[in-house]
There are 2 protein chains.
Amino acid sequence: MPDLEHLSLPDTVHRLLRTRILNNELPSGTRLIEASIAEELGVSRATVRAALARLAGEGLVEISPRRHSIVTRLSHEDIQDACYARYVLEEGAVRAVLAHGAAELVDPLTELVARMEHAARDRDLAVMVDLDTAFHGSLVAAARKPRLARLFAGMDAQMGAVMRSSLEEQHLDLAEMPRMHRDLVDALAGGDPALVASTLYRHYLREDYVL
Amino acid sequence: MPDLEHLSLPDTVHRLLRTRILNNELPSGTRLIEASIAEELGVSRATVRAALARLAGEGLVEISPRRHSIVTRLSHEDIQDACYARYVLEEGAVRAVLAHGAAELVDPLTELVARMEHAARDRDLAVMVDLDTAFHGSLVAAARKPRLARLFAGMDAQMGAVMRSSLEEQHLDLAEMPRMHRDLVDALAGGDPALVASTLYRHYLREDYVL
DNA sequence: TCCATTACAGTTGTCGACAATCGACAATCG
DNA sequence: CGATTGTCGATTGTCGACAACTGTAATGGA
């Protein structure tokens with residue numbers, strides 16, 4: 001399996017496994033056997049191993065030493081925990097953004113919200129997840145804090161899993177997504193850090209802001 | 001080289017390289033050649049490779065694909081950036097702690113501050129770094145947010161490098177450490193989130209709290 | 001002299017094989 | 001019949017070797 005692009009082999013395997021996990025082709029708890037994956041994809045175990053290590057770093061798989069890796073099972077507490085961490089990172093980014101003014105963010109984010117409305121009408125989950133990632137990603141990128149952005153991006157995959165499970169258990173409706181994000185844009189345009197923070201908190205934790 | 005404990009070989013190599021980097025035995029910019037390290041330590045390149053990947057995840061090493069890895073060079077901007085990310089994470093943890101009351105934290109943290117005073121008298125940097133790690137680590141652990149704590153701990157190594165470089169360039173004096181941490185404990189005991197946040201901000205960024 | 005080309009040394013990328021370890025089941029003993 | 005121990009298959013941990021790639025120095029031509 002030679003290089004098609006300049007993507008490394010572990011990158012490719014990592015991406016493939018990630019999409020399979022997020023599409024629920026590899027449900028929570030599935031055992032991931034290095035040798036089997038390697039054989040199926042026609043690569044070496046070392047390559048698969050590197051990919052699994054990265055997935056573990058993203059929190060999508062758990063590696064039990066000397067046993068085997070499994071696709072992470074997200075309990076309700078895990079989901080709350082992941083959302084809180086995500087909220088903390090994004091709120092820290094947003095504070096930095098507001099310090100310099102968020103005016104130039106409003107237009108591109110509004111554009112993304114419009115595309116979310118289309119995705120909601122089309123019931124297209126995959127596109128919606130991508131738009132959500134793009135929305136929050138560009139918001140955090142505007143803070144110009146590379147390490148914060150990196151930590152935030154490291155949770156993208158896990159948040160994808162959270163979204164999928166929230167939709168499955170009907171805690172969330174695709175139609176709510178554009179509205180929630182529009183609220184965020186409005187708060188951002190207002191420029192009040194406290195209001196943005198509480199809006200973000202509800203966005204992620206879906207409870208009133210009590211902290 | 002058989003196991004003495006249940007530490008894996010990559011763990012051991014990772015720890016060894018990390019302490020060497022933090023002790024400046026491997027200064028910023030040093031080339032890290034997998035084969036050389038493997039030969040010196042009597043392990044395989046695959047093992048070294050895994051250790052380097054983890055160091056890269058911690059931000060202590062940069063891996064240039066197809067070239068070689070080097071010990072990360074931290075510019076002034078990098079240090080500011082790392083401190084801001086660390087601040088954001090810890091502040092998020094502290095807010096969760098304060099929501100449940102921080103009373104039971106005051107005593108153990110005060111104890112750590114006392115030990116910092118001894119370390120300052122002894123001019124013992126290594127102990128001071130460990131105490132600092134323990135202080136902030138136990139503070140964050142009290143929030144009971146596993147993912148937040150994991151992200152925070154992932155920056156421990158980088159913060160060790162920051163502290164070393166701050167001391168070398170005399171932006172920081174060991175004697176200030178106990179005082180700064182005592183201020184934090186006091187703010188924590190007071191229970192006012194805004195005061196704790198601004199104290200934390202000065203702790204990490206050493207500027208007035210403007211955000 | 002300068003630039004393009006080529007050959008070379010150094011280093012990582014990838015692989016298949018062997019050793020070590022773990023869990024499960026079977027066999028044995030009380 | 002239950003508990004303990006031994007054995008076996010499955011899986012990961014580790015390794016050394018080869019292939020591919022990168023940057024550099026030597027070479028040749030204008």
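Proteins get letters first, then strands, A, B, ... in listed order; numbering begins at 1 in each.
- Stem regions annotated for DNA chain C: C:1-30 with D:1-30, counting only runs of 3 or more consecutive pairs of Watson-Crick or G-U type with both contacts under 3.5 Å.
- Taking Ala143(A) as the reference, Ala93(A), Ala96(A), Val97(A), Lys145(A) meet the side-chain contact (heavy atoms from CB on, under 4.5 Å) condition, with sequence neighbours excluded.
- Sorted by first and then second residue, the pairs that involve residues 104-122 of chain B and meet side chain to side chain donor-acceptor pair (under 3.5 Å), not counting sequence neighbours, are Glu117(B)-Arg182(B).
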Contact list (N/O, under 3.5 angstrom) for nucleotides 8-12 of chain D vs protein:
residue, atom, partner, partner atom, Å
dT11(D), OP1, Arg31(A), NH2, 2.8
dT11(D), O3', Arg67(A), O, 3.3
dT12(D), OP1, Leu32(A), O, 3.3
dT12(D), OP2, Glu34(A), N, 3.2

Sequence neighbours excluded and cut-off under 3.5 Å, please list the side-chain donor-acceptor pairs for residues 23-32 of chain B, or say none.
residue, atom, partner, partner atom, Å
Asn23(B), ND2, Thr19(B), O, 3.4
Ser28(B), OG, Thr72(B), O, 3.4
Thr30(B), OG1, Pro27(B), O, 2.5

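- The phosphate of dC15(D) (OP1 or OP2) has a side-chain N or O of Thr47(B) nearer than 4.0 angstrom.
- Residues passing the side-chain hydrogen bond (donor to acceptor under 3.5 Å, both in side chains) test with Asp130(A): none are found, sequence neighbours excluded.
- Partners of Asp132(B) under the salt bridge (Lys or Arg N to Asp or Glu O under 4.0 Å) rule, at least two apart in sequence or in another chain, do not exist in this structure.
- Residue pairs satisfying the side chain to side chain donor-acceptor pair (under 3.5 Å) criterion with at least one member in residues 36-63 of chain B, sequence neighbours excluded, are listed as follows: Asp11(B)-Arg54(B), His14(B)-Glu58(B), Arg18(B)-Glu58(B), Arg20(B)-Glu40(B), Glu34(B)-Arg45(B), Glu34(B)-Arg49(B).
- Here the closest heavy-atom approach between residue Leu139(A) and residue Glu90(A) is recorded as CD2-OE2, 3.3 Å.
- The ring pair (Phe, Tyr, Trp, His ring centres under 6.0 Å) pairs that include a residue from residues 129-151 of chain B are Phe135(B)-His181(B), His136(B)-His181(B), His136(B)-His203(B), His136(B)-Tyr204(B), where partners are two or more places apart or lie in different chains.
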